[in-house]
K.L.:
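Shown below is the structure under consideration.
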There are 2 protein chains.
Amino acid sequence: MSVTGHTRSGGRRPASIRDVATAAGVSHQTVSRVINGHPSVRPATRERVEAAIAQLGFRRSATAHALASGRARTVTVLTSNTVHYGYAAALKGIEEAARAASFAVGIHVLESDDERLVAEALRRAADTGGGLILIAYDRPGVRALELAPADTPLVAAVETPAEPPPAGSPWVWTDDRAAAREATGHLLDLGHRTVHHLAIPSTTRTSGGAQRAAGWRDALSRAGVPAPEPIEGGWEPADGYAAGRRLARDPDVTAVLCGNDDLALGVLRALREAGRAVPDDVSVVGFDDAPHSAYLAPALTTVRLDFAGVGRACFALLHARVEQGEPIAPHPVAEAPRLIVRESTGPAPRR
Amino acid sequence: MSVTGHTRSGGRRPASIRDVATAAGVSHQTVSRVINGHPSVRPATRERVEAAIAQLGFRRSATAHALASGRARTVTVLTSNTVHYGYAAALKGIEEAARAASFAVGIHVLESDDERLVAEALRRAADTGGGLILIAYDRPGVRALELAPADTPLVAAVETPAEPPPAGSPWVWTDDRAAAREATGHLLDLGHRTVHHLAIPSTTRTSGGAQRAAGWRDALSRAGVPAPEPIEGGWEPADGYAAGRRLARDPDVTAVLCGNDDLALGVLRALREAGRAVPDDVSVVGFDDAPHSAYLAPALTTVRLDFAGVGRACFALLHARVEQGEPIAPHPVAEAPRLIVRESTGPAPRR
DNA sequence: GCCAGGATTGTGACCGGTCACACAGGGGCC
DNA sequence: GGCCCCTGTGTGACCGGTCACAATCCTGGC
């Protein structure tokens with residue numbers, strides 16, 4: 001790796017509203033009125049001020065504005081990950097919406113669900129003075145949600161809640177439970193006797209709340225099929241691979257629903273190595289529809305989730321809260337999850 | 001998608017240093033000294049102040065600190081993308097390093113290389129008062145680099161420069177030219193007569209500066225092999241797929257070096273559909289070593305680039321610049337690029 | 001015992017905005 | 001013609017820190 005140095009800057013102090021005021025021959029308060037679009041400024045005055053602003057290249061200091069007004073046009077995203085597709089896509093949605101509203105977006109990674117660390121991260125994020133968006137798809141995120149002081153302005157992207165959340169919870173989700181049900185149904189319709197489930201880690205220790213697993217169970221019980229023990233996987237392809245090797249040994253396994261596409265990727269590889277053909281011997285379904293999933297061999301049947309839409313909705317909700325007084329705009333709706341059938345699923349093998 | 005509402009906050013104003021001062025019976029300036037670790041505060045006084053801080057739950061306002069000191073402990077990342085692996089990984093590295101240094105990190109996406117848009121993005125980013133990190137792997141990023149005023153505190157992650165950069169350029173890169181040379185050499189060593197190249201878009205219109213292509217040319221000319229016309233690809237699997245279909249038709253093509261793993265993914269699929277086996281008929285090499293590449297069928301031979309290391313180095317450089325006066329810490333060095341040979345490359349087919 | 005000088009601490013201005021309120025001028029109404 | 005209200009503008013405090021400098025307290029050296 002290479003690095004090159006840098007030289008020192010020698011710029012002058014940027015223009016403040018008082019500089020502009022002097023240049024335009026008005027008071028600083030009038031300049032403030034102009035930049036904030038206050039109605040009662042005479043057009044002639046406004047023009048003089050605007051000319052001065054242009055001439056001096058004035059830009060309102062976001063810092064000073066935040067300090068004086070108490071409102072920081074800022075949103076900080078707390079997440080445990082920025083590289084995985086779902087997280088990155090949600091971040092993308094948030095950033096888009098924030099940029100459109102002239103909000104700055106900050107990002108802070110939660111490295112673990114350790115209480116002290118998470119609490120400190122929350123404090124640090126709150127220090128910016130803006131709102132918070134939590135990506136609470138996993139332990140660290142959920143922990144942050146639990147630990148956040150009640151009065152912090154925050155919105156969370158969460159898994160589908162097991163039961164209707166308490167009124168007033170600023171939560172956003174897509175119905176992945178229904179989606180899991182649909183995906184499982186798809187496999188059952190193809191004649192598979194049962195469907196195995198390789199789950200992502202559940203966020204709540206007690207309730208085993210993973211709603212993807214719940215949807216899978218729904219479909220199975222609706223079809224009158226006993227649910228095999230779900231397999232606790234992780235998030236990574238390596239986890240899927242490890243689980244896949246075990247699954248591959250069991251000849252009764254003909255259909256696997258994976259908690260995400262990365263797990264499915266690992267499963268696919270394990271099956272291939274074990275000589276079990278996909279979809280002829282085993283069908284595999286993923287979750288998320290990551291960008292590469294359509295190009296795999298075989299192309300992965302998966303559930304497309306609109307993470308970016310969720311991200312945009314999170315921002316919209318937070319924005320409405322922070323900018324109270326503005327009418328709450330109808331939330332931009334994310335697309336409903338949708339099963340994308342590709343090549344990794346097929347009819348159950350004949351016995 | 002579902003969204004639930006939220007309730008209003010009713011918190012009180014957080015404690016300021018003057019509140020702490022009153023509680024501790026000292027002046028606000030003494031409190032300031034304590035929180036900044038100034039040496040000349042009597043231990044007894046320090047303890048009183050610290051007790052008051054703890055009791056009031058005082059946290060220094062980042063906003064006020066930034067305004068008063070003129071230094072915002074903030075770094076804003078300007079990038080055209082947050083989802084692609086290389087970009088996301090670089091961001092991860094930046095965030096890690098920034099968090100360790102108690103810097104906040106902002107993110108701003110450059111949607112195009114349109115001059116006005118990029119200039120406005122730069123201004124907005126500068127408004128935060130902190131430093132800037134540019135991910136200049138593509139047009140929008142490079143455009144931002146060109147357009148940034150000379151006195152902005154910025155560091156850029158760039159492609160390997162074609163020639164030594166002007167002294168003082170705050171640039172960080174890994175030597176992907178050498179890596180491309182190595183990858184091409186690997187294919188040549190396997191007996192392939194020549195190696196085709198599917199390039200990512202080059203950032204500089206005029207020089208065709210993509211150094212991955214240059215490294216590929218280096219290796220070819222060193223081996224005395226004429227370089228076939230490189231193919232202008234894009235960034236996405238779909239682009240690789242399109243190019244791959246054309247490549248598949250030409251029986252002379254037995255080795256392809258792709259500008260990134262996504263392109264390689266598309267090429268792999270196109271070859272498979274065309275009935276050309278990898279690596280038996282055609283060898284394929286990628287670039288980046290994205291997390292899923294090891295699990296593809298076949299597992300992709302690729303060049304591992306330490307994006308996170310580059311990101312950390314960017315931050316270190318910026319930090320040293322902003323915090324001038326501190327000794328410049330030795331830059332954390334990113335790992336050198338390394339060819340990871342997996343399953344997608346093999347001996348040239350016999351004719 | 002006196003004084004220089006470092007250690008400690010306090011005072012008030014300032015960073016660049018916003019906010020609350022005062023004040024001048026002009027038009028409508030009775 | 002006087003009063004009231006609205007429009008347009010200015011004044012000074014304030015947000016929560018930092019900075020420059022002044023003031024006070026100690027301590028050692030002679």
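Values reported hereafter were calculated over all heavy atoms of this structure, with side chains retained and with hydrogens, waters and symmetry mates removed.
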K.L.:
For the pair B/R123 and B/E120, find out whether any cationic side-chain nitrogen is under 4.0 Å from an anionic carboxylate oxygen.
P.N.:
yes

K.L.:
Taking the six-membered ring for Trp, is the centroid-to-centroid distance between B/F315 and B/F103 below 6.0 Å?
P.N.:
yes

K.L.:
At under 4.0 Å between heavy atoms, what does B/T63 touch on the DNA or RNA strands: base, sugar-phosphate, or nothing?
P.N.:
nothing

K.L.:
Answer yes or no: is there a donor N or O on one side and an acceptor on the other, between the side chain of A/E96 and the main chain of A/R312, under 3.5 Å?
P.N.:
no

K.L.:
Any luck finding a side-chain donor-acceptor pair between A/H38 and A/S40 under 3.5 Å?
P.N.:
yes

K.L.:
Please determine whether the number of non-hydrogen atoms from other residues, nucleotides or ligands lying under 6.0 Å from atom CD of A/E115 exceeds 12.
P.N.:
no

K.L.:
Output yes when at least one side-chain N/O atom of B/T30 is less than 4.0 Å from OP1 or OP2 of C/dT8, else no.
P.N.:
no

K.L.:
Encode nucleotides 14-25 of chain D as B, S and - characters from 5' to 3', where the letter depends on protein heavy atoms closer than 4.0 Å: B to the base, S only to sugar-phosphate, - to neither.
P.N.:
-BBBBBB-----

